[in-house]
Amino acid sequence: MKIDPKTFVKDYQLNVCIQCGTCTGGCPVKFRSPLNMRRLVRQSHIETDPSPLFKRPELWACTTCSTCSLRCPAGVKNVEFIMGIRNYLANKGEVPSTIRDALENTFLQGNPWGRFRDRRADWAKDLGVKILGEATTETLLYVGCAPSYDPRVQTVSTALVKIFQKADFDFGILGKKESCCGNEIRRMGEQALFKKLAKDNTNLFKKSGIKRIITISPHCFNALKNEYPDLDIPVQHYTQVIAELIETGKLKMPKELNIPVTYQDPCFLGKQNQVFDEPRKILTSIPGLEFAEMERSKQRSLCCEGGGGRMWAEGGTEGTRNGEIRVREAFALGAKVLATSCPFCLLTLEDAVKIVGLTDQIAVKDIAELVSETMD
Amino acid sequence: MKQKIGVYICHCGTNIAATVDCNELAQFCGTLPGVKVARDYRYLCSDPGQDLIKRDIREFSIDRVVVAACSPRMHEVTFRNAISSEGLNPYFLNIANIREQCSWVHKNKEEATEKAKHLLRAAVARVLRQEALSARKVEIKPSVLVVGAGIAGIQAALTIANEGMKVYLVERAPYIGGHMAQLDKTFPTLDCASCIFTPKTVEVARNKNIELLVCSEVEDVKGYVGNFTVTIKKHPTYVDFSRCTGCGDCTEACVLKKGVPSEFEERTATRKAVYIPFPQAVPLKAVVDKESCLLLSKGKCKKTCVEACKAGAIDFEQKEEVIEREVGSIVIATGFDLFDPYLLPQYGYGVYENVITNLQFERLASPSGPTQGEVLLKDGTVPKGIAFLHCIGSRDENANLYCSRVCCMASMKQAHLAKEKTGAEIYEFYIDINAFGKGYQEFYKRVREEGIYFIRGKGSEIYKKDGRLIVEAEDTLLGTPVEIPVDMVVLGTGLTARRGAERVAQVFGISQSADRFFMEAHPKLRPVATNVDGIFLAGCCQGPKDIPDTVAHASAAAAEAVSLATKGQIEVEPITSVIDPELCAGCKLCIEICPYSAIEFLDAKGISSVNEALCKGCGACTAICPSKAARQNHFTQDQVLSEMEGLI
Amino acid sequence: MNIAVCVKRIPKTAEADIFIEKDGTDIKKDHLVFHLNDWDGYAVREAALLKEKYGGEVTVITVGPEESKEVLTRCLAMGADRALRIEGPPTQDGHLIAKILAESIKNQSFDLILTGVQAEDDNCGQVGVSLAQMLGLPHAAIVTHIEINGDKAKVKRELEGGIDEVTELKLPAVLTIQTGINEPKYVSLAALLEAEDKEIKDLGMEEIGFTSGVSVDTKIDQVFFPPVGKMAEMLKGNPEEVVTQLTEIIKKKKG
């Protein structure tokens with residue numbers, strides 16, 4: 001299947017661009033890489049064959065936060081264009097080596113880190129969690145790759161299991177049958193692999209008879225909810241579920257956490273899917289917790305640079321990372337904990353804490369971890 | 001006697017002829033039953049074209065005419081006049097639209113011609129069953145209702161009043177002048193808004209032909225062109241205007257210490273529950289806002305205002321009044337609202353106190369405003385940097401698609417005032433500069449010469465860093481992203497239709513365009529008329545305009561109203577409904593469904609009857625009547641069915 | 001130039017749970033993920049690059065069961081032109097594999113024959129060198145760079161201590177390819193799906209020329225886990241607990 005770049009103008013509405021620069025102006029990596037969305041759109045529009053433009057390494061700096069597409073007044077499909085270019089490149093095999101590895105690993109082992117497929121549910125083996133196929137439940141907790149394999153993020157998964165069990169909330173996981181949701185795969189350009197993952201996962205969900213899916217990562221939430229073509233099972237992010245449990249009194253948080261906390265809105269949960277209130281509801285319901293908003297919050301939250309395949313990209317950007325800026329902002333606010341609800345934000349911000357040397361002064365925690373601490 | 005039908009097919013140049021074979025069509029029509037003559041011609045609407053038809057009427061005693069051409073909206077009247085000049089009843093004409101509904105929407109000539117044949121067969125079948133009707137003449141009352149007393153309404157009212165006609169000027173707010181009253185200086189001449197229009201507002205108050213009703217709204221409109229009956233509700237102001245001297249003592253005395261956000265000051269300042277809108281307000285009277293007044297909303301208050309009023313003008317017993325007025329035409333001048341910047345959260349409006357709208361800036365710059373004309377930050381200090389962001393809520397797929405026309409000029413005018421008053425670094429973040437009017441481009445040049453920085457790039461986001469507001473954008477001419485620190489951000493919020501526009505449209509029976517502004521009868525040729533005879537539009541309620549265009553538009557609406565009244569009477573289409581008293585069973589379904597309340601029930605006879613004067617010929621009663629008693633002239637069941645049979 | 005590349009389909013075992021078969025001669029492989037041997041992948045890529053430079057055809061050959069077709073498809077997607085699968089006996093005997101390959105290659109005119117240095121599963125490294133001997137061709141092993149000059153190949157060989165040896169061979173020759181010789185290109189799913197339409201030739205032992213069967217000279221007697229030594233103490237627990245134990249041990253043994 002050959003992709004013809006000459007169709008991009010029509011596919012992504014490049015010709016309606018009025019060159020206003022709102023895209024570049026709002027881009028989180030605008031000062032960290034030569035990526036200039038507006039210029040890319042213009043150049044791609046006027047060249048008869050834009051493919052030489054696509055060889056630029058800065059195209060891989062895009063985090064697919066989607067601010068450009070969300071704000072464009074003319075209706076240009078900016079981030080979709082980037083994904084289309086990456087698709088064109090990936091089909092020809094022309095992707096950076098670390099991206100190549102992530103894609104091949106996902107194809108072979110069902111996760112971009114190439115960890116062994118059968119070990120995917122090892123994190124849960126002593127937690128008494130239902131495995132679909134061995135037990136029945138109507139609710140699937142779709143764990144995701146990072147929460148399954150990354151030791152730092154496994155703490156979040158464990159915490160969430162504890163919360164659900166203490167609240168008597170029935171759920172199950174797919175265990176080692178679970179495969180990558182494909183959200184980042186699609187954003188790294190492997191549209192064909194994404195389609196395959198979507199198809200296989202959808203069949204798996206339907207066969208297991210579940211009526212509801214909850215995800216830990218906003219990236220999985222986005223893929224399952226918005227980009228899987230044949231999935232009509234309702235999908236929620238776990239913060240929406242916990243907020244519901246708090247509201248209906250099914251979740252008790254007996255222990256006080258007397259700490260000042262602020263919150264990083266993940267791009268895939270916040271600005272892309274408009275889930276702003278539920279995480280805040282949870283944080284402000286934690287007894288003793290003092291909540292303060294950072295400068296750029298909600299729709300203006302600063303992207304942590306973890307999306308768009310950046311977890312597997314190497315280089316392409318320079319200067320101070322956004323994560324460092326965020327951590328400093330949180331610290332200046334007086335927060336002792338920078339809370340978030342996305343594994344990628346968690347990892348990149350925690351890295352940033354170490355880089356700026358604030359390791360003992362501020363911690364990065366997932367909301368699930370904080371809630372779990374109140375239930376000790 | 002057998003009918004003799006003349007069918008005339010227009011080429012309309014190549015508009016029709018390029019896609020429909022007119023010759024073949026004419027030949028086909030010649031074979032249809034009842035057709036005596038079938039011709040095709042290049043431009044039927046022209047004089048020789050019409051003569052063709054007239055000659056056939058004379059020579060061949062043609063008594064039914066079918067014209068296959070453009071939409072009846074274009075030339076139905078033309079051809080009706082043509083045939084009636086030969087003594088034929090104008091309602092023996094039928095138009096088949098083979099342009100907008102055929103040649104303009106298809107590409108394949110063979111298929112289009114086939115379709116045209118069907119359309120013509122239908123048209124011929126219908127015309128056979130058409131009946132002679134005569135137009136009604138209605139008297140035009142010489143008085144006019146003007147709804148809204150902004151500059152558009154004032155201009156229209158004064159123009160009409162100065163012709164010697166009576167004007168009822170209804171205004172929702174307690175003052176007249178609308179948005180223009182809020183402005184400081186106007187572009188491009190930098191005339192002070194109040195200075196130029198106070199003479200007009202004063203005139204309105206003084207003019208014997210104008211009955212000014214403030215704090216009033218139109219509740220209901222009945223009737224038809226020349227004879228409208230409007231029901232106006234006068235909201236209670238709880239102040240007797242005949243006694244009030246506008247001294248302001250009541251405002252001083254009002255117990256509401258904190259006050260409520262002032263609508264006139266665009267919420268940059270507060271007002272009391274009893275207040276005078278602004279020092280130059282016309283009428284200069286105090287009013288009580290029943291929602292913030294403690295006595296009226298909560299039932300408990302010391303009533304210090306009553307004590308303080310030396311004229312004894314405050315009257316909490318005042319009730320609303322409902323009055324009726326009879327007018328010949330109506331001019332709607334209800335104005336605009338500002339785009340709600342909360343809908344675009346990336347600009348931090350409502351989060352940062354120094355991010356304001358353009359109208360809010362206007363109040364700051366006004367000498368009568370909350371800062372006495374000084375441009376100050378919320379903390380009272382002078383800003384060292386101000387950014388003006390263009391196109392907020394306009395030209396935006398995520399807000400409104402249209403351009404709000406005036407904000408580029410308003411923004412540059414404000415930038416000029418800001419520079420003058422503060423000497424700060426001023427930035428204009430723009431996409432295009434819309435400097436279209438007389439003196440506008442010259443003003444743009446002047447503003448550039450004054451050292452204001454123009455950055456071609458739409459402001460993407462505002463956030464705060466180190467105590468300053470940062471504007472994130474791209475300088476697209478240089479191709480570099482920028483973050484400019486300033487102290488104040490003025491959002492160029494666009495113009496939108498009023499929030500209550502749907503209700504106004506419903507009350508008056510007019511339409512709105514997709515952008516929610518009221519719809520003019522024709523976008524180019526009839527900018528002030530609406531689809532309802534006798535109702536006209538003036539000013540921004542029809543679409544964003546600057547003051548010169550508003551005044552011109554309002555004058556045009558006034559001229560139409562005056563012209564109508566001067567004519568004294570007009571002809572109205574007799575395409576109304578009639579209920580056959582023999583067939584009517586008195587079920588009243590037609591009364592329920594009539595949107596114009598044009599059908600009344602005659603108790604004595606137990607049947608329904610149509611008031612011809614109110615009927616607009618929509619056909620709803622005809623469709624719903626189970627006994628087929630309701631019958632619409634020129635759209636009878638017979639006619640419609642025969643048309644459908646002809647089509648299939 | 002006509003290039004042959006010999007490839008092997010092997011299971012990925014890193015991190016996987018390894019179980020020994022009941023008879024002790026092999027590990028259980030049902031639950032493992034299989035892929036193209038890493039070294040062979042570099043060899044195929046190198047062949048594709050040489051083809052781009054000098055023209056010609058690349059043929060990939062494997063000795064294996066039906067499942068091996070998936071790695072041949074991948075090689076076709078990587079730029080190979082023809083693929084051949086030989087249905088050989090199930091064996092790990094490198095000598096026998098080389099014999100089978102030699103038999104199928106000897107009558108075809110290849111200018112260059114490439115194999116990977118070794119396979120990820122058994123790490124024997126025998127097939128390439130044995131093949132050269134059986135075909136009577138010159139060979140160079142652990143090659144990190146290839147230059148073709150007419151009928152000669154100049155190659156770099158990786159030795160210990162970071163030393164490279166430069167060798168010139170007359171073609172046809174056999175080279176065993178080391179990892180890192182080139183930058184592998186991503187093989188997209190779209191390319192794989194396209195390659196699935198290409199033909200793979202299947203040949204049995206008889207068609208190759210082994211009419212009377214083959215003798216397996218090397219058999220695996222036993223596969224087992226190395227015994228846990230007394231000197232190795234496995235520390236269990238989460239990072240905090242392990243560090244605590246570790247510091248205790250270090251303190252006890254005095255640094």
Side-chain angles (χ1 to χ4, degrees), chain A residues 13 16-43 58 61 65-78 265 270-271 274 276-277 293-303 319 322 325-326 328-329 332-333, chain B residues 339 341-352 355 387 389-404 427 429-434 455-484 492 494:
Chain A
Q13 312 253 95
V16 301
C17 173
I18 55 172
Q19 293 283 292
C20 71
T22 302
C23 47
T24 308
C27 176
V29 297
K30 63 180 181 282
F31 289 128
R32 296 191 13 84
S33 97
L35 178 65
N36 185 320
M37 195 65 224
R38 175 201 55 82
R39 190 189 297 131
L40 179 67
V41 170
R42 174 114 187 112
Q43 288 177 319
E58 59 259 27
C65 71
S66 301
T67 304
C68 50
S69 274
L70 291 168
R71 286 191 193 157
C72 176
V76 178
K77 300 195 171 91
N78 291 289
D265 287 280
K271 62 168 70 97
Q274 309 300 310
F276 301 112
D277 298 332
E293 288 279 5
M294 274 193 283
E295 255 323 300
R296 279 178 281 188
S297 66
K298 300 198 182 171
Q299 294 90 343
R300 293 176 300 132
S301 180
L302 183 61
C303 178
N322 287 353
I325 298 175
R326 267 327 223 178
R328 288 215 172 89
E329 270 177 27
L333 201 59
Chain B
F339 174 78
Y342 280 106
L343 296 174
L344 295 173
Q346 59 260 46
Y347 299 113
Y349 185 79
V351 176
Y352 305 120
V355 174
L389 269 50
H390 289 217
C391 299
I392 306 303
S394 309
R395 306 179 71 194
D396 192 342
E397 290 263 326
N398 306 309
N400 295 317
L401 292 173
Y402 55 84
C403 165
S404 291
Y427 303 89
F429 288 87
Y430 71 100
I431 311 175
D432 298 291
I433 295 292
N434 202 354
I455 298 178
R456 193 201 170 269
K458 182 171 171 180
S460 188
E461 187 175 301
I462 307 289
Y463 72 96
K464 203 164 183 183
K465 190 164 85 167
D466 300 330
R468 302 200 82 192
L469 292 172
I470 312 289
V471 180
E472 282 198 330
E474 190 202 355
D475 182 331
T476 64
L477 296 177
L478 286 179
T480 51
V482 295
E483 286 194 338
I484 309 279

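Throughout, protein chains are lettered first and strands after them, A, B, ... in sequence-line order, and every chain is numbered starting at 1. Quick note: numbers below take in every heavy atom, side chains included, and nothing from hydrogens, waters or symmetry partners.
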Quiz item: Does the cation-pi check pass for Arg300(A) over Tyr463(B), that is, NZ or CZ under 6.0 Å from the six-membered ring centre and within 45° of its axis?
Solution: no
Quiz prompt | chain A contacts, top residue of Lys465(B), Arg456(B), Arg395(B), Glu461(B) (heavy-atom pairs, under 4.5 Å) | solution = Glu461(B)
Self-check item: Option that, when pairs with chain A are counted at under 4.5 Å, heavy atom only, ranks first among Gly457(B), Gly459(B), Pro345(B), Ala399(B)
Solution: Pro345(B)
Exercise. Say whether, by atom type as modelled, one donor and one acceptor occur between the side chain of Asp475(B) and the main chain of Leu477(B) under 3.5 angstrom.
Key: yes
Self-check item: Main-chain N/O of Gly319(A) paired with Arg32(A) side-chain donor or acceptor, under 3.5 Å
Solution: yes
Quiz item: What distance do Leu35(A) atom CG and Leu40(A) atom CG have between them, rounded to the nearest 0.5 Å?
Solution: 7.0 Å
Part of [X] within contact of chain A (heavy atom distance under 4.5 Å):
X: Tyr352(B); answer: side chain
X: Val471(B); answer: neither
X: Ile462(B); answer: backbone

Need one label for [X]: side chain, backbone, both or neither, based on atoms under 4.5 Å from any heavy atom in chain B.
X: Leu70(A); value: backbone
X: Arg39(A); value: side chain
X: Cys27(A); value: neither

Self-check item: Ser394(B) side chain near Asn400(B) side chain, heavy-atom distance below 4.5 Å
Solution: no
Quiz item: Are Glu472(B) and Lys30(A) ion-paired here, with the side-chain N under 4.0 Å from a carboxylate O?
Solution: yes
Practice problem: Using a cut-off of under 4.5 Å on heavy-atom pairs, state which of Ile18(A), Thr22(A), Leu302(A) scores highest against chain B. | Solution: Thr22(A)
Quiz prompt | Pairs of heavy atoms under 4.5 Å with chain B: top-ranked of Glu293(A), Gln299(A), Arg71(A) | solution = Arg71(A)
Quiz item: Do the side-chain N and O atoms of Ser297(A) and Asp265(A) include a donor-acceptor pair separated by under 3.5 angstrom?
Solution: no
